[in-house]
Amino acid sequence: MTSERYNARESEPKWQRRWDELKIFATRNDDPRPKYYVLEMFPYPSGRIHMGHVRNYTMGDVVARAMRARGFNVLHPMGWDAFGLPAENAAIERKVAPKAWTYDNIAAMKKQLQTMGLSLDWAREFATCDPSYYKHQQKMFLDFLRAGLVEREKRKVNWDPVDMTVLANEQVIDGRGWRSGAVVEQREMSQWVLKITKYAQDLLDALDTLDRWPDKVRLMQRNWIGRSEGLLIRFALDSATTPQGETELKIFTTRPDTLFGAKFMAIAADHPLAQAAAAKDPKVKAFVDECKRRGTAQADIDTAEKLGVDTGIRAVHPFDPEWQLPVYVANFVLMEYGTGAIFGCPAHDQRDLDFVNKYNLGNTPVVCPEGQDPASFVITDTAFDGDGRMINSRFLDGMTIAEAKEEVAKRLEAELRALPGSGEQAPVGERKVNFRLRDWGISRQRYWGCPIPIIHCPSCGVVPVPATDLPVTLPEDVTFDKPGNALDHHPSWKHVSCPQCGGKAQRETDTMDTFVDSSWYFARFTDPWNEDAPTTPEVANRMMPVDQYIGGVEHAILHLLYSRFFMRAMQATGHVSMPEPFAGMFTQGMVVHETYRKPDGGFVSPAEVMITADGDRRRAVLLDGQTPVEIGPIEKMSKSKRNTVDPDDIIGTYGADTARWFMLSDSPPDRDVIWSEEGVKGASRFVQRLWRLVNESVAIAGSAPADRPAEFGAEALALRKSAHGALDKVTSGIERLHFNVCLAHIREFANNLTDTLGKASTPTPDLAWAIREAAIVLVQLVSPMMPHLAEECWEALGQPGLVSEAPWPAVEPALLVKDSITLPVQVNGKKRAEVTVPRDADNPQIEAAVLALDAVKQALDGKPVRKIIVVPQRIVNVVG
RNA sequence: GCGGGCGUGGCGGAAUCGGUAGACGCAAGGGACUUAAAAUCCCUCGAUGGCCUCAUCGUGCGGGUUCGAGUCCCGCCGCCCGCACCA
């Protein structure tokens with residue numbers, strides 16, 4: 001027996017070296033066992049890992065280690081999402097080349113990650129900025145182009161008129177450029193888009209097959225795709241009021257039933273009709289220009305005041321040639337959705353109601369809720385969007401909404417009118433399924449991204465770079481002394497000869513959105529050594545999909561949806577043969593921490609603060625012991641709030657196992673976890689306790705027989721039940737990623753073992769055997785969470801080999817069965833007593849036992865028993 | 001603004017299915033050991049009242065369904081995440 005404390009600082013590097021030497025985490029693609037692919041979202045190489053990474057990778061590692069023990073061929077790789085804006089910012093601010101900055105950061109972060117003891121197959125590591133990775137991405141871009149999945153399209157971008165550059169939404173602060181301070185403008189640019197909308201219906205339908213995804217993520221994706229069924233309606237325009245060449249306005253609506261409640265038409269500022277009106281009317285032009293003087297972020301557009309201007313144009317109601325509606329340009333109508341034009345029915349749409357109330361256009365309710373008198377039904381500031389019957393709607397009156405929609409659709413489909421220009425007759429109304437989802441614009445006017453392998457030739461047009469010329473690599477001799485795209489500024493890079501005609505031509509200088517890089521890395525991990533193709537299909541098809549993907553909720557929509565699209569596009573071009581990349585998805589919560597402020601209001605970091613207890617209250621002072629510090633709200637760890645904790649410090653002080661254990665304890669993994677010094681100390685105490693407990697078990701049970709005894713006494717049986725109960729719960733808990741509950745069960749089991757040891761200084765052989773079994777099970781249960789400590793304990797127990805390679809223990813089902821059960825007894829829903837009955841007691845027996853209880857008789861107070869509800873194995877409720 | 005989520009003791013949280021609310025831990029208080037401290041071990045720990053093997057109340061707020069609601073439904077309040085060029 002040892003009385004020494006467990007020394008993480010010595011043990012952890014030792015076991016990490018051992019694992020490394022034996023290459024036990026290297027995955028072979030030809031391993032015949034069933035595969036299990038665990039993946040955590042790969043990090044952006046910012047330079048240092050943060051606690052969010054520690055939490056994310058610990059969770060993945062627990063799953064990987066547990067599944068490995070259960071006999072799976074586990075694939076658990078790691079790489080770097082290495083392109084992106086911060087590298088360019090570093091180049092501007094610190095004059096370091098993006099490439100050098102990025103690879104230095106990768107080296108530093110890899111070193112940090114390696115101290116965590118993760119069971120990763122580092123042989124598969126790559127960074128998305130490696131030409132050997134993006135070469136294949138360029139190849140796939142060209143495959144997609146040939147497959148009709150890539151197009152050119154005009155898109156709006158944030159334009160900084162002073163720096164003459166495109167800004168990311170993040171770089172627009174209160175409508176101004178972050179460096180220049182100039183008011184940003186919307187500007188149209190030709191962009192490359194990936195045709196994700198071609199898969200809109202499939203991406204929506206397939207959500208139903210993703211049964212191991214969180215419901216909330218599937219719901220968010222469903223809403224993002226935004227399928228709606230409605231009607232395209234061609235409104236005729238009154239020629240007297242309409243600019244030359246315009247004869248009709250096409251709108252999309254999901255509420256054709258409310259057509260008789262229409263009060264106005266509204267079109268987007270960049271709608272052709274608005275452009276035509278602006279050319280004639282300075283007031284309209286001023287408004288259209290005003291609309292362009294704002295960023296492109298949706299939240300900003302939506303929260304801006306609803307404004308509009310009357311174009312003077314009048315549209316004709318499709319059911320009444322005498323009824324004219326004013327056409328407004330409105331800032332809340334988007335060209336990107338539907339046809340960029342709507343009809344406004346203020347009584348039944350809040351935005352429309354706010355709009356008419358502002359411009360005094362009035363409203364007429366056309367849907368009346370059931371039970372309300374139509375004569376007195378008035379709308380003032382709250383639109384009614386519920387169910388009801390049609391009123392004030394001529395031939396629709398009395399119909400339900402659904403009937404009215406159908407009737408309007410039928411009538412307008414039957415009505416024909418000449419198409420503008422052609423004279424060909426076409427229906428005025430057409431049923432249409434519309435999606436909110438837009439195609440994925442991937443062009444970025446930035447240097448540090450994957451070059452788009454296209455050459456623009458004045459005579460041949462858009463020419464793909466020939467496959468033999470790939471990759472198109474980034475030049476390294478670039479400067480960042482002027483704003484804008486450094487690739488574009490490069491003196492020679494973009495000048496090439498056309499691969500088709502040989503004439504002078506220019507390379508595309510836009511690079512790809514970094515979401516492209518992260519939309520297929522998981523497939524590349526299955527065979528990162530293939531130099532000829534993005535994937536080796538027979539390998540990818542065996543190792544994919546990812547069985548358990550883990551990452552932050554912030555990626556619930558974009559990254560996950562783009563990846564789902566990319567798999568489909570890769571399937572269409574022969575790189576994989578399945579549509580879904582992630583069979584199981586888990587979104588983990590953030591790591592948050594208290595904030596601290598000095599008397600002058602400045603934030604101070606946790607490392608500079610001392611916390612003292614003052615009765616029930618906690619107080620904080622600076623390390624000088626003098627200056628009081630205000631303890632502020634708990635917030636997401638961020639540099640600006642200075643409430644970050646450095647994983648290096650924690651691992652250096654307490655060891656990786658303590659950090660890992662704490663990250664998994666307390667909070668449910670999908671919720672935020674509060675990092676606290678007390679919590680870490682608690683985890684550290686448990687590390688020491690477990691070490692003592694295992695060593696005491698060795699000392700007490702050293703005499704245990706090697707063979708399993710035929711009979712077990714009461715104490716041994718109780719311990720075995722506790723061990724196998726914990727084993728059962730932890731095994732299923734890891735499967736469901738309920739780590740906090742797993743840890744509680746492990747602690748409970750450890751408490752039971754401690755109690756047993758306390759009572760058994762000289763145990764009988766059967767108890768000694770049970771103690772040794774319990775210690776072994778305990779070490780195996782903690783091994784996925786605290787692998788270094790577990791190895792040390794495994795050695796102390798005299799077990800052969802490494803616990804990291806030991807098979808997961810098997811549960812003995814007989815030990816999970818209880819002989820008798822204790823049921824709570826309620827009288828009229830309130831708990832009054834408990835009754836203990838044999839496991840197989842039938843209902844009449846239980847009822848008799850319950851009615852005999854004094855507490856039940858008392859609670860009934862002489863009232864007759866009306867009925868007794870017996871929920872098997874759960875509860876008894878007596879109704880009096 | 002739109003979409004999504006969350007809310008349980010002093011604190012983090014537990015409670016497969018609607019079935020004993022508060023598992024497990026943290027903090028706190030009391031005690032043991034110690035010259036002392038650290039470490040460790042034991043006890044108490046939702047609120048109120050009381051006859052401490054007892055009763056009432058209690059899961060953000062207000063209603064509802066049910067024999068029974070933290071869990072389901074309706075309406076609020078508060079906080080957090082995403083919104084297409086941050087990753």
Side-chain angles (χ1 to χ4, degrees), chain A residues 5 41 43-44 46 81 83-86 155 157-158 166-172 191 214-217 219-220 222-224 226 296-304 306 332 336 350-351 437-446 513-515 518 552-559 561-562 587 589-590 592 613 615-618 633 635-636 665-668 670-674 676 678-679 681-683 685-686 688-689 692 732 736 738 740-741 743-748 751 754 758 822-831 833-834 866-869 871 873-880:
Chain A
R5 285 173 65 78
M41 289 180 182
Y44 179 80
S46 59
D81 188 13
F83 276 133
L85 269 184
R155 280 290 169 90
V157 294
N158 298 308
V166 178
L167 300 177
N169 282 336
E170 179 191 60
Q171 298 171 316
V172 178
Q191 311 257 314
D215 287 340
K216 63 173 174 182
V217 174
L219 189 56
M220 279 190 261
R222 200 165 281 135
N223 290 332
W224 185 261
T296 58
Q298 195 59 47
D300 295 338
I301 293 166
D302 286 347
T303 49
K306 312 278 170 287
F332 59 90
E336 290 77 19
Q350 193 59 48
R351 267 189 322 196
L437 182 69
R438 304 203 297 261
D439 281 325
W440 174 14
I442 60 157
S443 295
R444 297 291 182 271
Q445 296 69 43
R446 323 229 175 267
D513 178 8
T514 57
F515 272 125
S518 57
V553 232
E554 64 272 22
H555 294 293
I557 297 173
L558 294 180
H559 164 60
L561 194 60
Y562 290 151
T587 53
M590 296 183 301
V592 295
D616 260 0
R617 272 202 204 103
R618 295 166 68 249
E635 299 195 56
K636 177 179 180 169
S665 58
D666 291 347
S667 284
D670 54 348
R671 266 197 253 168
D672 293 351
V673 63
I674 301 175
S676 73
E678 293 86 352
K681 290 211 168 104
R685 269 200 297 276
F686 186 70
Q688 297 301 336
R689 220 189 113 202
R692 280 198 308 274
S732 64
R736 284 178 293 161
H738 288 183
N740 57 326
V741 188
L743 266 55
H745 288 308
I746 290 173
R747 294 188 101 122
E748 208 168 10
N751 290 345
T754 306
T822 300
L823 294 171
V825 177
Q826 295 183 333
V827 176
N828 292 327
K830 277 202 174 123
K831 192 204 160 191
E834 282 181 352
R866 287 201 293 152
K867 66 173 164 176
I868 301 180
I869 295 154
V871 183
Q873 315 289 312
R874 281 272 175 199
I875 201 168
V876 181
N877 192 9
V878 181
V879 185

Checklist entry - Would you say the side chain of A:Arg446 and the base of B:C85 hold a donor-acceptor pair, judged only by whether the two atoms sit under 3.5 Å apart? => result yes
Next on the checklist: Using a 4.0 Å heavy-atom cut-off, does A:Glu748 contact any base of the nucleic acid, only the sugar-phosphate backbone, or nothing at all?
Outcome noted: sugar-phosphate
Next on the checklist: Under 4.0 Å, counting only non-hydrogen atoms across every strand here, what does A:Gly84 touch: a base, just sugar-phosphate, or nothing?
Outcome noted: sugar-phosphate
Checklist entry - Contact class for A:Gln688 vs. all strands (heavy atom < 4.0 Å): base, sugar-phosphate, or nothing? => result nothing
Checklist entry - In terms of side-chain heavy atoms, does A:Asn751 have a donor or acceptor partner in A:Arg689 at a distance below 3.5 Å? => result yes
Item to check | Under 3.5 Å donor-acceptor, A:Lys831 side chain and A:Val827 backbone | outcome: no
Checklist entry - Quick one: on RNA chain B, does A:Pro824 or A:Ile869 contact a more 5' nucleotide (nearest heavy atom)? => result A:Pro824
Next on the checklist: Can you check the distance between B:G25 and B:U35, where both ends of the measurement are the P atom (answer in whole Å)?
Outcome noted: 31 Å
Next on the checklist: Please classify B:C52 as syn or anti, treating any glycosidic angle within 90° of 0 as syn.
Outcome noted: syn
Next on the checklist: By the 4.0 Å heavy-atom rule, please label A:Phe686 as base, sugar-phosphate, or nothing.
Outcome noted: nothing
Checklist entry - Closer than 4.0 Å, any side-chain N/O of A:Arg5 to the OP1 or OP2 of B:U40? => result no
Checklist entry - B:G5: syn or anti, with syn meaning chi within 90° of zero? => result anti
Checklist entry - A:Ala304 near the nucleic acid: base, sugar-phosphate alone, or nothing, with a heavy-atom cut-off under 4.0 Å? => result nothing
Checklist outcome for this item: Regarding the side chain of A:Leu437, the nearest nucleotide among B:A84, B:A14, B:G1 is B:A84
Next on the checklist: What's the gap between B:G18 and B:G70 when it is taken at their P atoms, as a whole Å value?
Outcome noted: 13 Å
Checklist entry - NA contact type, A:Asn740, heavy-atom cut-off 4.0 Å: base, sugar-phosphate, or nothing? => result sugar-phosphate
Next on the checklist: So, OP1 or OP2 of B:G82: does either fall under 4.0 Å of a side-chain N or O from A:Asn223?
Outcome noted: no
Checklist entry - Within the structure shown, what part of the strands sits under 4.0 Å from A:Arg685 by heavy-atom distance: base, sugar-phosphate, or nothing? => result sugar-phosphate
Next on the checklist: By the 4.0 Å heavy-atom rule, please label A:Val166 as base, sugar-phosphate, or nothing.
Outcome noted: base
Checklist entry - Which is true for A:Lys831 with a 4.0 Å heavy-atom rule: it touches a base, it touches only sugar-phosphate, or it touches nothing? => result base
Checklist entry - Of all the nucleotides listed (B:C85, B:G1, B:G13), which has the minimum atom distance to the side chain of A:Gln298? => result B:G1
Item to check | Interatomic distance at C1', B:A23 relative to B:U16, whole Å | outcome: 15 Å
Checklist entry - Is a donor-acceptor contact shorter than 3.5 angstrom present between the side chain of A:Gln445 and the base of B:C85? => result yes
Next on the checklist: Distance check, P atoms only: B:G75 and B:C26, in whole angstrom units.
Outcome noted: 42 Å
Checklist entry - Can you find a donor-acceptor N/O pair under 3.5 angstrom joining the side chain of A:Arg689 to the base of B:U40? => result no
Item to check | Under-4.0 Å side-chain N/O to phosphate OP1/OP2 contact, A:Arg444 with B:C85 | outcome: yes
Next on the checklist: Is A:Thr514 close enough to B:A87 that one of its side-chain N or O atoms is under 4.0 Å from OP1 or OP2 there?
Outcome noted: yes
Checklist entry - Is A:Trp440 touching bases, backbone alone, or none of the nucleic acid, heavy atoms closer than 4.0 Å? => result nothing
Checklist entry - Which part of the nucleic acid, if any, lies within reach of A:Arg874 when heavy atoms closer than 4.0 Å are counted: base, sugar-phosphate only, or nothing? => result base
Next on the checklist: Considering every strand and a 4.0 Å limit on heavy-atom distances, what is the contact class for A:Gln191: base, sugar-phosphate, or nothing?
Outcome noted: base
Checklist entry - Can you check whether A:Lys830 has a side-chain N or O nearer than 4.0 Å to OP1 or OP2 of B:C57? => result yes
Checklist entry - Is B:C24 in the syn range, within 90° of 0, or in the anti range? => result anti
Checklist entry - So how far is it from A:Lys681 NZ to A:Arg685 CZ, rounded to the nearest 0.5 Å? => result 9.0 Å
Checklist entry - Any side-chain N or O of A:Arg438 less than 4.0 Å from the OP1 or OP2 oxygen of B:C85? => result no
Next on the checklist: Taking 4.0 Å as the cut-off, does a side-chain nitrogen or oxygen of A:Asn828 come that near to OP1 or OP2 on B:G68?
Outcome noted: no
Next on the checklist: Let me spell it out: for each of A:Gly829 and A:His745, pick the nucleotide of RNA chain B with the closest heavy atom. Which residue's pick is nearer the 5' end?
Outcome noted: A:His745
Next on the checklist: Using a heavy-atom cut-off of 4.0 Å across all strands, would you classify A:Gly552 as base, sugar-phosphate, or nothing?
Outcome noted: nothing
Next on the checklist: Just to be sure I understand the rule, does A:Pro43 reach a base, reach only the sugar-phosphate, or reach nothing, if contact means heavy atoms closer than 4.0 Å?
Outcome noted: nothing
Checklist entry - So does A:Arg155 get a side-chain nitrogen or oxygen closer than 4.0 Å to the phosphate oxygens (OP1/OP2) of B:A84? => result no
Next on the checklist: Quick check on B:C24: is either OP1 or OP2 less than 4.0 Å from any side-chain nitrogen or oxygen of A:Asn751?
Outcome noted: no
Checklist entry - Side chains of A:Leu743 and A:Phe686: does their closest heavy-atom pair fall under 4.5 Å? => result no
